[in-house]
Undergrad: 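Pasting in a structure now, in structure tokens, and then I'll have a few things to ask.
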Amino acid sequence: MKADILLGLQWGDEGKGKIVDVLTPRYDIIARFQGGPNAGHTIIFDNKKFILHTIPSGIFNENTTNIVGNGVIIDPFIFNKEIEKLKASGINAVNNLLLSKKAHLILPTHRLLDAAYESAKGKAKIGSTLKGIGPTYTDKTARNGIRIGNILRDDFLQQYKSLKEKHLQILKAYSFNADDHDLDGIKFKEYEEKWFDAIEQLKIIQIIDSEYFINQSLNAGKSLLAEGAQGTMLDVDFGTYPYVTSSNTVTAGVCTGLGISPHRVGDVLGIFKAYCTRVGSGPFPTELLNDQGQKLRDEGHEYGSTTGRPRRCGWLDLVALKYSIMINGVTKLYMMKADVLNEFDTISVGTKYLHQGRELDYVPFEASYEQLIPELTHLRGWKTNINEIRNHSDIPEALANYVKFIEEQTHVPLDMISVGPDRNQIIPMH
Ligand code: GDP
Ligand code: IMO
Ligand code: MG
């Protein structure tokens with residue numbers, strides 16, 4: 001079997017968790033391949049809401065195996081809290097969850113480094129989630145990191161102390177005293193103790209050579225969906241660098257983050273909102289800093305799942321969307337939160353950029369540094385509540401036109417439209 005991939009095409013929070021949950025019954029395995037607890041994937045069903053940070057969104061189907069792959073970075077404290085929360089809702093995540101031995105650990109001091117680096121950047125700060133993502137991937141690449149498999153080895157404590165010491169040296173240079181800082185409202189010392197308790201809890205979960213497990217499963221005819229975190233415009237290579245995360249959020253990240261060869265990649269499912277949002281700093285050409293932006297935020301409840309920060313809102317950016325489709329080789333599109341546009345008379349879409357008097361139909365290198373002015377195409381809104389529609393033949397004409405416009409521009413078929421946060425609020429398009 002080939003592995004399908006689901007990923008965000010914008011700046012994250014497209015609704016990936018919801019679609020993974022919707023599609024999970026079709027797959028034997030759901031696997032996260034990059035990122036860490038900077039992600040917040042929301043799943044809503046039976047009037048219950050879950051926000052997952054590290055655990056794959058297939059966890060609600062007891063017949064599906066969920067894997068946290070080698071490309072993911074794990075904070076045991078946050079991970080354990082996630083397991084406990086699920087348990088409190090009657091979901092035993094431990095039973096169908098596997099961890100890669102090669103996934104790297106986020107140490108408490110990685111989080112302090114994240115905070116120190118961000119405050120040192122001043123106005124140029126990334127707007128990081130402060131979960132220690134950048135420093136942990138830095139240590140991975142610099143060959144200093146500690147991996148999940150190491151927690152089972154005798155020299156783990158020694159490794160921990162040595163890496164922590166390195167971090168404290170760096171923190172000193174930033175005049176950053178660990179004991180003065182809270183992590184998730186907990187003093188550093190106490191957090192560190194809880195982190196070690198959580199390490200013991202991790203040992204209850206099966207820790208495996210996930211690359212072998214995955215390839216053997218595919219050989220045996222099992223189906224797998226790789227679940228992306230963040231979005232293509234936050235990719236460390238192809239996003240709006242330096243305002244990005246520290247991992248490859250794109251299709252290629254699946255090969256390195258799970259150990260799957262490119263020959264084994266099947267469908268690539270691209271998730272996008274019917275408009276755009278971004279949380280944190282960085283360029284956002286179609287951003288609306290006016291009442292319409294506020295209306296999108298209000299109607300879409302656009303506040304971060306991980307940090308609670310208000311998300312910046314704007315119109316759909318087709319130049320960026322087409323770029324993401326190209327980088328990822330997207331074969332099917334999923335349009336989310338169409339219902340948020342229910343009340344808009346006119347829906348605008350960015351189709352080109354103006355940069356220094358020139359019209360561009362691509363994302364230029366300069367996008368990271370200079371203002372791009374979007375050229376907008378205006379379409380008629382549907383001005384009706386679409387939240388209860390479940391059949392594509394029932395969608396209003398203006399929505400059908402919006403879909404047609406996007407399909408014509410991207411040359412990729414739309415597989416589903418999402419019309420509300422609940423698992424059931426889906427319109428299959430075929
Ligand atoms: P993810 O990080 O890509 O999984 O997305 P998030 O969970 O961070 O953000 C998506 C938000 O939109 C969550 O609050 C979802 O419950 C919500 N959501 C998902 N799909 C829809 C939809 O079609 N309509 C509306 N109104 N909300 C949605
Ligand atoms: P999901 O998976 C939206 C953003 C942060 C910041 C930048 C770098 O829920 O879509 P980091 O903590 O990774 O160093 O932050 O990336 N960011 C996200 N924005 N959704 C996410 O994940 C994000 N993960 C990171 O806001 O701008
Ligand atoms: Mg999110």
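Quick caveat, the model's predicted, so the values are computed rather than measured. When a ligand or atom number is given, it counts from 1 through the structure's own listing order. Only heavy atoms go into these numbers, but all of them, side chains included; no hydrogens, no water, no symmetry mates.
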Undergrad: For residues L360 and H355, report the shortest heavy-atom separation together with the two atoms involved.
TA: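 Scanning both residues, the minimum pair turns out to be CD1-CB, 3.7 Å.
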
Undergrad: If you measure from each heavy atom of G300 to ligand 1, is any distance below 4.0 Å?
TA: no

Undergrad: Tell me whether G127 reaches ligand 2 (any heavy atom closer than 4.0 angstrom to a ligand atom).
TA: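 True for this residue.
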
Undergrad: Check this for me - ligand 1, M336, N or O atoms closer than 3.5 angstrom, yes or no?
TA: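 M336 vs ligand 1: no N/O contact under 3.5 Å.
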
Undergrad: Is a side-chain donor-acceptor pair under 3.5 Å present for T24 with N61?
TA: no

Undergrad: Should you measure from each heavy atom of K16, which atoms of ligand 2 turn up under 4.0 Å away?
TA: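 Within the 4.0 Å cut-off of K16, ligand 2 contributes 1 (P), 2 (O), 10 (O).
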
Undergrad: Taking N or O atoms only and a 3.5 Å limit, does R309 qualify as a polar contact for ligand 2?
TA: yes

Undergrad: Check this for me - ligand 2, G134, N or O atoms closer than 3.5 angstrom, yes or no?
TA: no

Undergrad: Numbering the atoms of ligand 2 from 1, which are under 4.0 Å from a heavy atom of G280?
TA: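 Near G280, meaning under 4.0 Å from one of its heavy atoms, ligand 2 has 27 (O).
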
Undergrad: What is the ring orientation for F238 with Y323, classed by angle as parallel under 30°, tilted 30 to 60°, or perpendicular over 60°?
TA: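 Perpendicular, since the angle between the ring planes exceeds 60°.
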
Undergrad: Is S418 close to ligand 1, meaning an N/O of one under 3.5 Å from an N/O of the other?
TA: yes

Undergrad: When you measure from the side chain of Q292 to the backbone of L288, do you find a donor-acceptor pair of N or O atoms at a distance under 3.5 Å?
TA: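 No.
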
Undergrad: Could an N or O of ligand 1 be found under 3.5 Å from any N or O of G40, whether backbone or side chain?
TA: yes

Undergrad: Non-hydrogen atoms of Q425 versus ligand 1: any pair closer than 4.0 Å?
TA: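 In this structure, Q425 fails to qualify as a contact of ligand 1 - no heavy atom is under 4.0 Å.
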
Undergrad: Assess, by modelled atom type and distance only, whether the side chains of Q10 and Y275 contain a donor and an acceptor separated by less than 3.5 Å.
TA: no

Undergrad: Specify the protein heavy atom at minimum distance from atom 8 (C) of ligand 2: its residue, its atom name, and the distance to 0.1 Å.
TA: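 Ranking protein heavy atoms by distance from atom 8 (C) of ligand 2, first comes V244 O, 3.4 Å.
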
Undergrad: Among the N/O/S atoms of D13, select the one at the shortest distance from the Mg ion (ligand 3) and name it.
TA: OD1

Undergrad: Within the structure, is a non-hydrogen atom of Q230 found at a distance of less than 4.0 Å from ligand 2?
TA: yes

Undergrad: Under 4.0 Å from a heavy atom of V279: give me the atoms of ligand 2 that qualify, with their elements.
TA: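 Every atom of ligand 2 under 4.0 Å from some heavy atom of V279: 3 (C), 5 (C), 19 (N), 26 (O), 27 (O).
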
Undergrad: Using only heavy-atom distances, determine whether the side chains of Q294 and N290 contain a donor-acceptor pair under 3.5 Å.
TA: no

Undergrad: Would the F272 and Y334 ring centres measure less than 6.0 Å apart?
TA: no

Undergrad: Quick one: which ligand 2 atoms are inside 4.0 Å of a heavy atom on A229?
TA: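 What qualifies from ligand 2 is 2 (O).
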
Undergrad: Tell me, please: is R311 in heavy-atom contact with ligand 1, that is, under 4.0 Å?
TA: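 Checking ligand 1 against R311, which is what was asked, there is a heavy-atom contact under 4.0 Å.
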
Undergrad: Heavy-atom contacts with W11 under 4.0 Å: which atoms of ligand 2 show up? List them by number with element.
TA: 3 (C), 19 (N)

Undergrad: With no hydrogens and no angle check, is any side-chain donor or acceptor of N144 less than 3.5 Å from a backbone partner on D139?
TA: no

Undergrad: Under 3.5 Å, is there a donor-acceptor pair between the T42 and K18 side chains?
TA: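 Their side chains do not contain a donor-acceptor pair, so the 3.5 Å distance test is not met.
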
Undergrad: Which ligand 2 atoms does A39 reach within 4.0 Å, using its non-hydrogen atoms?
TA: 1 (P), 2 (O), 9 (O), 22 (O)

Undergrad: Does the N or O separation between V340 and ligand 1 drop below 3.5 Å for any pair?
TA: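 By distance alone, the answer is no.
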
Undergrad: Purely on distance, is any nitrogen or oxygen of G12 under 3.5 Å from one on ligand 1?
TA: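 Between G12 and ligand 1 (N or O atoms, distance only) the closest approach is not under 3.5 Å.
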
Undergrad: Between the side chains of N248 and Q34, is a donor N or O closer than 3.5 angstrom to an acceptor N or O?
TA: no

Undergrad: If you take the nearest heavy atom of each of D114, T245, T42, D13, which one is closest to atom 13 (O) of ligand 2?
TA: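 Closest candidate by heavy-atom distance is T245.
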
Undergrad: Which bit of L234 is near ligand 2, meaning a heavy atom under 4.0 Å away: side chain, backbone, both or neither?
TA: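 For L234, only side-chain atoms sit under 4.0 Å from ligand 2.
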
Undergrad: Taking 2.8 Å as the cut-off, does an N/O/S atom of K16 lie below it from the Mg ion (ligand 3)?
TA: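 So K16 does not bind the Mg ion (ligand 3) by this criterion.
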
